[in-house]
Amino acid sequence: MTETDATPIRPRRSVLYMPGSNPRALEKAKTLPADALILDLEDATAPEKKDEARDLVTAAVRKGGYGGREIAVRINGLDTPWGMADLKAAVKAAPDAILVPKVSAPAMVVEVEKLMQDLRADDRTRIWAMMETPRGMLHAEAIAASSTRLDCFVMGTNDLAKDLRARFVPGRAPLLPSLGLCLLAARSYGLAIVDGVCNAIDDTEALEAECRQGLDMGFDGKTLIHPKQIEVTNRVFSPDPDALDLARRQIAAFEAAQAEGKAVAVVDGKIVENLHVAEARRLVALSDAIAAM
Ligand SMILES: CC(C)(COP(=O)(O)OP(=O)(O)OC[C@H]1O[C@@H](n2cnc3c(N)ncnc32)[C@H](O)[C@@H]1OP(=O)(O)O)[C@@H](O)C(=O)NCCC(=O)NCCSC(=O)C[C@H](O)C(=O)O
Ligand SMILES: [Mg+2]
């Protein structure tokens with residue numbers, strides 16, 4: 001879906017995975033300050049638990065109680081024995097999004113879109129795509145452009161590192177070309193994009209460094225695997241008070257300049273044009289959306 005100025009911003013600072021087979025986690029999530037939850041039927045659910053997890057997850061989605069948190073169900077791939085049953089059950093439960101794993105080509109999104117249409121999926125159920133294979137990286141632009149139901153790219157840096165035979169190193173240099181390609185594709189087609197997980201659940205410093213890097217690169221937020229990662233992630237991806245103050249002053253100064261027939265204002269000795277004001281407005285809208293959650 002193309003995000004326009006009229007599209008309300010959905011905060012996706014913290015996007016927490018939880019195994020669909022874990023009823024305690026599904027319940028706990030209702031109390032956690034994550035912006036979005038991924039109820040996982042794929043890699044976090046063991047093969048012998050797949051059917052049980054599908055029932056648990058779809059019942060949880062139908063029952064609700066997750067407040068303003070966005071809910072995505074990660075299905076198994078359609079090339080697995082569980083994928084089609086997952087998709088049918090997820091469509092019936094009508095979460096905010098169905099997350100398709102290991103998207104390597106636009107045809108995979110188109111197939112899900114077509115099946116969702118045949119299954120009369122609710123219009124508000126979007127498609128999210130896991131970007132986590134080398135082919136997915138090479139086809140990122142075509143994937144981003146493949147469906148009007150597609151809303152968000154989710155980086156799968158574990159699978160990607162495995163397939164690339166890349167190592168996890170501080171600064172993530174081996175992954176930067178892929179992260180950059182997906183960002184270019186997502187932003188070109190108005191998609192949201194969230195960064196991959198930090199596997200070191202007890203290493204807050206490493207998590208904060210990855211969050212700051214992701215924010216600097218342009219990600220909307222980060223996927224997480226444990227509740228203890230939420231606080232740092234929300235903090236880093238929230239607009240900071242100084243930036244918000246500047247944004248509000250830029251908007252006011254620009255509107256005053258416009259009223260005088262000018263296209264440019266100056267704030268704190270720096271030029272403010274309509275492109276700066278667009279970013280300032282996005283920041284204020286994000287902050288308002290966070291406050292409203
Ligand atoms: C890593 C874990 C297995 C740890 O679980 P656990 O031992 O239960 O942790 P704690 O005892 O510290 O848990 C404390 C309480 O918090 C709840 N909890 C734990 N994790 C979650 C969660 N993810 N969501 C919600 N709630 C959670 C526990 O139930 C405890 O609750 P309570 O007893 O009521 O106090 C576990 O965290 C876990 O399974 N995490 C998710 C792992 C996962 O989803 N992995 C797959 C996704 S990552 C990935 O594959 C991305 C991509 O595809 C790629 O390729 O990169
Ligand atoms: Mg994966």
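Every heavy atom of this structure was used, including side-chain atoms; hydrogens, water molecules and symmetry mates were not. Count residues from 1 along the sequence.
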Original post:
Under 4.5 Å between any side-chain heavy atoms of Met155 and Cys182, yes or no?
Top reply: yes
Subject >> Thr133 versus Asp163, side-chain donor and acceptor atoms under 3.5 Å >> reply: no
Original post:
Around atom NZ of Lys63, are there more than 12 heavy atoms of other residues, nucleotides or ligands at under 6.0 Å?
Top reply: no
Original post:
Could you go step by step and tell me if Ile127 and Ile98 meet the side chain to side chain contact (heavy atoms under 4.5 Å, CB included) rule?
Top reply: CA-CA 5 Å; Ile127 299 174; Ile98 291 176; 5.6 Å; no
Subject >> Side-chain cluster (under 4.5 Å, hydrophobic types only) that Val272 belongs to, other residues >> reply: Leu244, Leu246, Ile251, Phe254, Val267, Val277, Val284
**OP:** Quick one: do Glu279 and Arg282 satisfy salt bridge (Lys or Arg N to Asp or Glu O under 4.0 Å)? Show the steps, please.
**Re:** CA-CA 5 Å; Glu279 176 55 14; Arg282 188 192 70 81; 3.0 Å; yes
Original post:
Does any N or O in the side chain of Arg12 come within less than 3.5 Å of the main-chain N or O of Phe219, such that one atom is a donor and the other an acceptor?
Top reply: no
Original post:
Are the side chains of Leu164 and Leu175 in touch, meaning some heavy atoms are under 4.5 Å apart?
Top reply: yes
Original post:
In this structure, which one of Leu183, Asp220, Leu150 forms a side chain to side chain contact (heavy atoms under 4.5 Å, CB included) with Leu191?
Top reply: Leu150
**OP:** List the steps, then state whether side chain to side chain contact (heavy atoms under 4.5 Å, CB included) holds for Asn158 with Glu132.
**Re:** CA-CA 8 Å; Asn158 278 323; Glu132 52 182 349; over 6 Å; no
**OP:** Kindly compute the distance separating CD (Gln258) from NZ (Lys262), expressed to the nearest 0.5 Å.
**Re:** 12.0 Å
Original post:
Which hydrophobic side chains are connected to Val15, either touching it within the sub-4.5 Å cutoff or through other members that do?
Top reply: Tyr17, Ile38, Leu99, Trp128, Met130, Val154, Val194, Val197, Ile201, Ile225
Original post:
So do the side chains of Asp202 and Lys228 get within less than 4.5 Å of each other, counting heavy atoms only?
Top reply: yes
Original post:
Can Asp159 and Lys102 be said to form a salt bridge (Lys or Arg N to Asp or Glu O under 4.0 Å), step by step?
Top reply: CA-CA 8 Å; Asp159 270 304; Lys102 301 180 178 68; 3.4 Å; yes
Original post:
Out of Leu207, Thr223, Leu16, which one pairs with Thr233 under the side chain to side chain contact (heavy atoms under 4.5 Å, CB included) rule?
Top reply: Leu207
Subject >> NZ/NE/NH1/NH2 to OD/OE distance under 4.0 Å, Glu255 and Arg249 >> reply: no
Original post:
Do side-chain atoms of Thr125 reach the backbone of Pro95 as a donor and acceptor pair under 3.5 angstrom?
Top reply: yes
Subject >> Gap separating the OG atom of Ser238 from the CG atom of Leu283, nearest 0.5 angstrom >> reply: 10.0 Å
Original post:
Taking side chain as C-beta onward, heavy atoms only, is Leu286 less than 4.5 Å from Arg13?
Top reply: no
Original post:
Between Lys50 and Asp55, is a salt bridge (Lys or Arg N to Asp or Glu O under 4.0 Å) present by the stated rule, with each step listed?
Top reply: CA-CA 9 Å; Lys50 296 281 189 193; Asp55 291 345; over 6 Å; no
**OP:** Write down the atom of Ala186, the atom of Ala192, and the distance for their closest heavy-atom approach.
**Re:** CB-O, 4.3 Å
Subject >> More than 12 heavy atoms of other groups within 6.0 Å of Arg62 CZ >> reply: yes
Original post:
Under 4.0 Å between a Lys/Arg side-chain N and an Asp/Glu carboxylate O for Asp195 and Arg172?
Top reply: yes
Original post:
Is it true that Arg69 and Asp35 have a side-chain N and a carboxylate O under 4.0 angstrom from each other?
Top reply: no
Subject >> N/O donor-acceptor pair under 3.5 Å between Asn76 side chain and Leu41 backbone >> reply: yes
Original post:
Should His139 and Ser104 count as side-chain neighbours, where that means a heavy-atom distance under 4.5 Å?
Top reply: no
**OP:** Measure the shortest side-chain to side-chain distance between Ile271 and His276 over non-hydrogen atoms and say whether it is less than 4.5 angstrom.
**Re:** yes
Original post:
Should the heavy atoms of other residues, nucleotides or ligands under 6.0 Å from CZ of Arg120 be counted, would the total exceed 12?
Top reply: no
Original post:
Side-chain contact, heavy-atom cut-off 4.5 Å: Ile9 with Asp288?
Top reply: no
Subject >> side chain to side chain contact (heavy atoms under 4.5 Å, CB included) between Glu70 and Leu37, intermediate numbers included >> reply: CA-CA 6 Å; Glu70 200 169 16; Leu37 306 168; over 6 Å; no
**OP:** Show the numbers, then the answer: is there a side chain to side chain contact (heavy atoms under 4.5 Å, CB included) between Lys222 and Ser14?
**Re:** CA-CA 5 Å; Lys222 190 165 179 67; Ser14 49; over 6 Å; no
Original post:
Which value, rounded to the nearest 0.5 Å, describes the distance between Met108 atom CE and Arg135 atom CZ?
Top reply: 11.0 Å
Original post:
Would a 4.5 Å heavy-atom cut-off, applied to side chains only, mark Leu32 and Tyr66 as touching?
Top reply: no
Original post:
Any Lys/Arg nitrogen of Arg149 or Glu113 sitting under 4.0 Å from an Asp/Glu carboxylate oxygen of the other?
Top reply: no
Original post:
Taking everything shown except Glu141 itself, do over 12 heavy atoms lie less than 6.0 Å from its CD?
Top reply: no
